[in-house]
Amino acid sequence: MKKVKLVFPILMILSPILMLAQVDFPVFAGKVKSIKSTEHSIVVKTENAFAEIYAYSPTVIRIRISRTEPKSDFSYAVIQQPASSFRDLKEQGDAAGFKTDSLEVVLFKDPMRIVVKSIKGEVISEDYPSLPVSWQGTEVVCYKKLFADEKFLGLGEKTGNLDKRGNSFENWNSDVPAYVTNEDPLYQSIPFFIGVHGKVTYGIFLDNSFRTKFNFGASTDEQFSSFSAANGEMNYYIFGASGIAGIISDYTWLTGRMPMPPYWSLGYHQCRWSYFPEFQVIGIAQQFRDKQIPCDAIYLDIDYMDSYKIFTWNRDKFPQPKAMIEKLNGMGFHVVTIVDPGIKVEKGYFAYDEGVANNYFAKYPDGTNYIGSVWPGRCHFPDFTKEPVRKWWGAAFSRLIEPGVEGYWNDMNEPSAWGQSIPNIIQFDFEGRKGSITEAHNIYGLEMSRATFEGTKALLKGKRPFVITRAGFAGVQRYSMVWTGDNDATDDHMLLSARMVTGLGLSGVSFTGPDVGGFMGNPTEQLFTRWMSLGVFTPFYRNHSAWDTKSKEPWAFGPNVEKMVKEMIMQRYRLLPYIYSAFHESTLSGMPVARSLAINYTFDEKVYWWKYQNEYLFGDNLLVAPVSCNQAAARVYLPEGGWYRLSSGEFYQGSSEVTVDAPLNDLPVFVKASGIIPMQSDIQYTAQKPSPTLDLHIYNGVKPNSYTYYEDDGMTYQFESGQYYQRNINFEPGNKTIILTKPEGTYPSKFTTLRLIFHSFDDMMTIRCDGKEYSLKLRSARERTVEIPAGSGPVKITY
Ligand code: MIG
């Protein structure tokens with residue numbers, strides 16, 4: 001500590017001199033020369049830098065620091081504008097301070113150093129005392145004080161532990177087939193993390209698409225954390241809402257939230273590289289129906305195309321795509337096709353000809369189109385940082401939409417080229433600003449997803465597109481769901497996938513999932529079965545595997561596994577009303593569907609423990625404990641409150657570590673005491689009508705619980721004009737009432753009857769519902785049921 005404090009002031013004085021000598025020595029922002037407040041910001045000049053500080057909302061502060069005076073302001077991630085200037089700008093001696101309703105920013109002048117506090121005066125985040133923002137070459141770094149107990153969460157799709165302290169990470173979207181379980185970087189760049197120290201939580205989002213690095217106290221003698229960008233501005237946001245849920249809500253307000261996905265995309269998906277020709281695709285679909293295993297989606301990987309040319313069909317293997325898809329639709333299947341960005345260099349191929357004619361491709365500085373090799377051979381790459389290119393790309397989906405494709409799977413968009421080393425000089429338009437791939441690389445997948453989403457949304461005329469992407473950047477949730485790429489068929493990957501899914505969830509991306517069963521390699525029967533059961537409780541439930549692996553459909557491992565796996569998929573479908581409501585909640589608040597326990601139990605140390613860090617809440621009322629496949633029993637941590645095992649109804653007191661059975665057909669999943677879970681009857685695919693009776697499971701507890709049930713047509717955007725069905729279910733154990741509020745919206749629910757299933761309400765045999773008495777049936781030792789009309793007004797139940 002001492003050493004650092006003494007050395008840096010001296011070095012800062014020397015730095016301009018050393019710069020002249022062309023030594024790779026840091027240039028520090030230095031002393032504040034002037035501070036002025038404008039309508040929307042505080043503008044600061046320092047010896048070597050320009051800074052601007054904005055309040056986007058009372059809990060969202062933006063800090064922007066650059067060596068030269070910033071001319072433009074540009075972001076692909078952020079969709080909001082600064083709100084108002086700070087109030088109470090006060091300059092006093094060595095510091096200036098300004099406030100919002102929730103936060104206070106203190107700017108120290110010598111050297112410039114920023115401290116953000118809560119309005120109560122707790123320090124949330126502060127620049128490391130003797131290391132102000134600095135540059136080395138074009139790289140810019142910000143150093144923050146590391147608190148003794150500080151934890152670091154999020155950062156999107158990352159490997160490693162839930163708490164990332166002591167490690168450093170890089171963001172550079174990478175095609176990493178068969179990545180190892182500590183690989184970094186992977187496919188996505190989401191330069192946003194959440195810090196926890198004392199009783200404080202905060203978030204930091206570095207909005208810079210160059211290669212960025214985050215150091216959470218790795219190799220710094222536990223003194224500071226830092227984040228840096230290879231080029232561009234030190235442009236970051238500090239989120240100071242109290243609590244992680246509030247921070248995620250603010251972050252997704254700033255960068256956008258997931259739009260409502262089509263209902264069918266929450267079902268089970270069957271994929272493989274590749275199902276072809278046509279008769280195999282139909283055959284797989286038919287086997288699902290024959291075996292009565294529910295499934296909603298079947299995928300066409302790269303072999304559906306003619307020589308891997310995007311937006312074409314291989315007519316030998318798929319002579320009549322439209323007729324084939326109609327047939328699949330008739331069987332209740334939706335078709336998803338892969339699209340890669342590389343456009344084959346081939347005269348006469350429409351995408352090549354149009355792209356060349358209109359200057360749609362990324363270029364060398366001399367204006368020639370860049371060529372890299374991918375699946376189709378030599379390819380050009382669309383410049384998605386140009387509006388006309390996005391429009392063109394989007395419109396080309398008519399070639400898939402016309403025959404009936406409903407899902408668009410964006411692959412290889414890191415962008416990947418064989419060799420993975422696209423030269424830094426390749427040029428992109430950046431909406432006229434111009435930039436090279438060093439800046440465009442990390443947002444390439446984001447803008448490709450955007451082009452796909454906006455284009456298909458327009459073509460589908462009111463129907464919701466389903467977009468899937470491998471690469472992305474902060475804000476990707478606005479356009480696409482994210483799958484976690486080419487994992488392996490191992491237990492470690494299965495467990496890691498839980499952390500990656502919840503890590504993405506902490507970082508604004510709710511609709512995520514891994515290749516269930518593992519992409520590379522062949523899972524054992526046990527691993528396959530276990531992973532299929534974890535998939536039930538994962539936002540995205542897709543089985544996928546590589547071309548050189550054995551078949552992995554639910555029946556591929558023999559009748560025993562098939563029976564277990566069939567029951568698991570059926571459970572997913574029974575749970576869809578619950579899952580759909582969780583997705584809807586996420587579209588409104590950004591709250592992920594799969595929630596690390598760190599969100600609700602932030603200050604409970606045990607949720608960060610190595611052995612419990614994979615646990616998460618699935619929606620608000622279920623807790624999932626991933627277990628490796630050969631473990632017959634599991635040690636599980638149940639946080640505060642009470643918990644019921646979903647499969648048996650057995651009760652466990654919370655704040656306890658328990659050992660529970662974990663046979664392959666029964667993943668440890670628990671329902672929160674006072675939890676409410678709506679479930680429907682068995683269906684084979686989402687378009688099939690369930691019985692008109694909705695099961696409403698209510699688990700006894702002592703705490704009140706409010707649950708929001710949501711339904712709509714699952715297909716269109718008509719819910720935006722009121723065509724939805726939403727109802728709160730308020731369970732108040734204190735006064736023994738359950739109130740179903742009057743349904744909101746104009747959409748008629750699929751369900752006209754509610755079967756209330758009371759769990760562990762031991763001596764209760766009657767209820768009163770709107771004054772009328774109903775007697776309960778004993779369904780099992782712990783379950784009592786009764787059917788009541790769903791009703792169109794409020795319903796009050798007392799017991
Ligand atoms: O170079 O399209 O991650 O899911 O099956 C591999 C073939 C290209 C990578 C994707 C994977 C997909 C595969 N793709």
Side-chain angles (χ1 to χ4, degrees), residues 156-162 167 169-170 172-188 268-275 299 301-302 338 375 409 411-414 416 418 420 468-472 481-504 512-554 556-557 561 565 568 594 610-611 613-614 616 624 626-631 664 667:
E157 182 195 59
K158 290 294 181 196
T159 56
N161 292 324
L162 167 62
N167 292 285
F169 297 88
E170 225 176 286
W172 187 254
N173 294 353
S174 303
D175 177 4
V176 276
Y179 57 91
V180 289
T181 52
N182 62 355
E183 184 106 22
D184 188 64
L186 298 178
Y187 309 92
Q188 296 267 330
Y268 173 71
H269 301 227
Q270 187 62 50
C271 188
R272 180 169 179 81
W273 176 10
S274 302
Y275 289 131
Y299 282 60
D301 204 326
I302 46 177
I338 201 164
W375 285 106
W409 175 17
D411 190 21
M412 306 294 278
N413 51 355
E414 290 69 30
S416 175
W418 301 151
Q420 304 214 28
I468 156 168
T469 185
R470 194 169 70 178
M481 65 77 59
V482 168
W483 104 101
T484 58
D486 298 346
N487 61 358
D488 264 335
T490 63
D491 264 320
D492 282 352
H493 263 280
M494 175 178 65
L495 298 176
L496 170 66
S497 78
R499 296 196 298 286
M500 288 171 70
V501 164
T502 54
L504 280 159
T512 58
D515 288 346
V516 172
F519 177 71
M520 302 277 201
N522 297 305
T524 60
E525 277 177 43
Q526 290 79 4
L527 178 63
F528 177 72
T529 310
R530 181 71 94 205
W531 210 331
M532 286 295 283
S533 73
L534 186 57
V536 174
F537 304 95
T538 301
F540 183 49
Y541 190 14
R542 183 185 75 157
N543 170 328
H544 180 40
S545 35
W547 65 276
D548 56 349
T549 60
K550 293 184 192 159
S551 294
K552 230 174 65 185
E553 294 76 35
F557 297 80
V561 171
V565 164
M568 291 163 185
W610 183 79
K611 54 184 171 177
Q613 62 173 346
N614 298 326
Y616 59 91
V624 180
V627 177
S628 64
C629 70
N630 292 317
Q631 247 178 286
L664 278 181
L667 186 74

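Side chains of Phe557 and Met532 form no contact here, defined as non-hydrogen atoms less than 4.5 Å apart. By the 4.5 Å heavy-atom criterion applied to side chains, Val516 and Lys552 are not counted as neighbours. Using a 4.5 Å cut-off on side-chain heavy atoms (C-beta onward), Tyr541 and Val536 make contact. Under the 4.5 Å side-chain criterion, counting only non-hydrogen atoms from C-beta, Met494 is in contact with Asp491. In this structure, Leu186 and Val176 have side chains that are in contact, with non-hydrogen atoms separated by less than 4.5 Å. Put simply, the side chain of Phe537 does not reach to within 4.5 Å of the side chain of Val501, judged on heavy atoms. Residues Glu414 and Gln420 are not in side-chain contact: their nearest non-hydrogen atoms beyond the backbone lie 4.5 Å or more apart. Counting heavy atoms from C-beta on, the side chains of Thr469 and Gln188 come closer than 4.5 Å.
The closest donor-acceptor contact from the side chain of Asn614 to the backbone of Ala498 lies at 3.5 Å or more, if one exists at all. When atom types are taken as modelled, the side chain of Glu157 and the backbone of Tyr187 share a donor-acceptor pair closer than 3.5 angstrom. Not a single donor-acceptor pair under 3.5 Å links the side chain of Asp486 to the backbone N or O of Ala178. Between the side chain of Thr159 and the backbone N or O of Glu183 there is at least one donor-acceptor pair closer than 3.5 Å. Panel note: side chain Thr538, backbone Phe540; no donor-acceptor pair is recorded below 3.5 Å. Checking side-chain atoms of Asn487 against main-chain N and O of Asp515 turns up a donor-acceptor pair under 3.5 Å. A donor-acceptor pair under 3.5 Å links the side-chain atoms of Arg272 to the main chain of Thr549, judged by distance alone.
For the atom pair CE of Met520 and NE2 of His493, the computed distance is 9.5 Å after rounding to the nearest 0.5 Å. Taken to the nearest 0.5 Å, the CH2 atom of Trp375 stands 10.0 Å off from the OG atom of Ser416. Summarising the geometry, atom CG belonging to Asn522 is positioned 10.5 Å from atom CG belonging to Asp488; distances are rounded to the nearest 0.5 Å. In this structure, SG in Cys629 is found 9.0 Å from CG in Leu495, a value given to the nearest 0.5 Å. Atom CD of Gln526 sits about 13.0 Å away from atom CD of Gln631, to the nearest 0.5 Å. Here Ile302 contributes atom CD1 and Trp273 contributes atom CH2; the two are 5.0 Å apart, rounded to the nearest 0.5 Å.
Summarising the geometry of Val627 relative to Leu667, their closest heavy-atom pair is N-CD1, 4.1 Å, with the distance given to 0.1 Å. In terms of heavy-atom proximity, Trp531 sits nearest to Ala489 at CZ3-CA, 4.4 Å.
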Derivation of the side-chain contact (heavy atoms from CB on, under 4.5 Å) call for Tyr179 and Leu496: CA-CA 11 Å; Tyr179 57 91; Leu496 170 66; 4.3 Å; yes

Stepwise side-chain contact (heavy atoms from CB on, under 4.5 Å) test for Met568 and Thr529: CA-CA 9 Å; Met568 291 163 185; Thr529 310; 3.7 Å; yes

Audit row: Asn167, Lys158, side-chain contact (heavy atoms from CB on, under 4.5 Å) steps and yes/no: CA-CA 11 Å; Asn167 292 285; Lys158 290 294 181 196; over 6 Å; no

From CA spacing to verdict: side-chain contact (heavy atoms from CB on, under 4.5 Å), Ser551, Glu553: CA-CA 6 Å; Ser551 294; Glu553 294 76 35; 3.3 Å; yes

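Side-chain rings of Trp409 and His544 approach one another, their centers coming within less than 6.0 Å.
Side chain to side chain, Gln613 and Asn161 meet the donor-acceptor criterion of an N or O pair below 3.5 Å. Judged purely by distance below 3.5 Å, without hydrogens or angles, the side chains of Asn543 and Tyr268 pair a donor atom with an acceptor atom.
Under the rule for a side chain to side chain donor-acceptor pair (under 3.5 Å), the partners of Asp411 that lie at least two apart in sequence or sit in another chain are Arg470.
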